[in-house]
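Below: one structure, written as structure tokens.
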Amino acid sequence: DVAAEWIEQASALLPSDPWVHFNLGVACQKLAELDKAIMAFRRALQLKPDYVEAQIRLSGMLLEQGRLDEAIGACRRALELKPDCTEAHNNLGTALSQMGQLDDGLASFRHAIELKPDYAEAHNNLGGALKRQGLLDESMRAYSRAVELQPDAAEMHSNLVYAALF
């Protein structure tokens, strides 16, 4: 909370510094102040339109708020700037899947994994999308790989167990 206050003061003192606004966004994100985080990331992007990390963080915040069309736009802008950005592919897959565009979501998850084979979160998300399509064997393999890559992630273990039971 104090750190966010300091960063907010810094953003007032350095209003044209995109990194200060980015750091404010990160601090607000950690404090679960999503609207403030979104505003800070957007301000960073106004100042530095090619700021890929700000686009990715923005897409994540928009996803958390269920603002899927905006999240997709932020992911696509990040991918225009950095086509091999695995996190942008993963976030895009999540947004598309949540919108019911499962084939496109699967393609995004698979692309992220192709770029970074040890990306546990993308394997986990791929498992979820495959499960929603009724592809249970493939889903189990994706969840198993996620758990193998990140054995301390309770959510991934839970997803694997849930997929095995249902």
Side-chain angles (χ1 to χ4, degrees), residues 1-113 115-116 119-129 131-132 143 146 150 152-159 162:
D1 196 28
V2 172
E5 233 175 85
W6 291 341
I7 295 170
E8 204 162 336
Q9 289 173 6
S11 71
L13 294 170
L14 299 167
S16 61
D17 187 331
W19 291 274
V20 170
H21 292 282
F22 176 80
N23 287 331
L24 175 60
V26 171
C28 291
Q29 181 180 5
K30 289 185 186 292
L31 295 169
E33 295 180 12
L34 301 186
D35 289 330
K36 283 178 94 172
I38 288 170
M39 287 178 14
F41 292 134
R42 284 198 166 135
R43 180 66 182 138
L45 287 162
Q46 286 174 341
L47 296 168
K48 185 172 172 26
D50 63 345
Y51 201 164
V52 174
E53 185 61 31
Q55 283 290 6
I56 293 165
R57 292 281 186 144
L58 175 62
S59 72
M61 295 294 86
L62 294 166
L63 273 172
E64 282 192 46
Q65 289 194 334
R67 295 161 64 178
L68 302 177
D69 287 327
E70 292 175 80
I72 289 169
C75 291
R76 290 199 167 129
R77 282 188 293 282
L79 290 168
E80 287 171 12
L81 297 167
K82 188 177 177 191
D84 63 344
C85 181
T86 56
E87 194 170 352
H89 283 288
N90 185 57
N91 285 357
L92 179 59
T94 300
L96 291 168
S97 294
Q98 288 180 10
M99 290 186 76
Q101 298 174 30
L102 293 175
D103 289 336
D104 292 334
L106 287 172
S108 291
F109 295 135
R110 287 186 170 127
H111 196 78
I113 292 166
L115 292 167
K116 185 178 177 186
Y119 192 1
E121 186 178 345
H123 284 280
N124 187 60
N125 291 339
L126 175 64
K131 186 173 183 304
R132 283 191 292 283
Y143 282 139
Q150 202 167 337
D152 59 337
E155 177 189 352
M156 293 180 194
H157 282 278
S158 174
N159 289 340
Y162 185 78

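- Two residues are said to be in side-chain contact when any heavy atoms from C-beta on lie closer than 4.5 Å; E53 and I56 meet this criterion.
- Here the side chains of L79 and Q55 are not in contact, with every heavy-atom distance at 4.5 Å or above.
- Here T86 contributes atom OG1 and F109 contributes atom CZ; the two are 12.5 Å apart, rounded to the nearest 0.5 Å.
- From L115, atom CG reaches atom CG of D84 across 6.0 Å, with rounding to the nearest 0.5 Å.
- Atom CZ in R43 sits 10.5 Å away from atom CG in D17 (nearest 0.5 Å).
- R77 contributes a side-chain N or O that, together with a main-chain N or O of G73, makes up a donor-acceptor pair within less than 3.5 Å.
- Smallest separation of non-hydrogen atoms from N91 and L63: O-CD1, 3.7 Å.
- In this structure, OH in Y162 is found 4.5 Å from NZ in K131, a value given to the nearest 0.5 Å.
- The shortest non-hydrogen separation linking S16 to L47 is C-CD1, 3.7 Å.
- Distance check, rounded to the nearest 0.5 Å: CD of E121 to CD of E155 gives 8.0 Å.
- Residues N124 and Q150 fail the side-chain proximity criterion, which asks for heavy atoms closer than 4.5 Å.
- Side chains of I38 and R67 form a contact here, defined as non-hydrogen atoms less than 4.5 Å apart.
- Closest of all the heavy-atom pairs between Y51 and A44 is CD1-CB, 4.2 Å.
- With rounding to the nearest 0.5 angstrom, the NZ atom of K116 is 10.0 Å from the NE2 atom of H123.
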Practice problem: List the steps and the verdict of side chain to side chain contact (heavy atoms under 4.5 Å, CB included) for L62 and E64. | Solution: CA-CA 5 Å; L62 294 166; E64 282 192 46; over 6 Å; no
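- Scanning both residues, R57 and F22, for their nearest heavy atoms gives CG-CE1, 3.7 Å.
- In this structure, H89 contributes its side chain and A107 its backbone to no donor-acceptor pair below 3.5 Å.
- The residues K48 and D50 are annotated as salt-bridged, a charged nitrogen and a carboxylate oxygen being separated by less than 4.0 angstrom.
- Heavy-atom minimum distance, L96 versus S108: CD1-OG, 3.9 Å.
- Looking at L31 and Q29, their side chains never come closer than 4.5 Å, going by heavy atoms from C-beta outward.
- Using a 4.0 Å cut-off between charged nitrogen and carboxylate oxygen, R76 and E80 do not count as a salt-bridge pair.
- S97 places a side-chain N or O within donor-acceptor distance of the main-chain N or O of G93, the cut-off being under 3.5 Å.
- Counting all heavy atoms, side chain and backbone alike, P83 lies closest to H111 at O-NE2, 4.5 Å.
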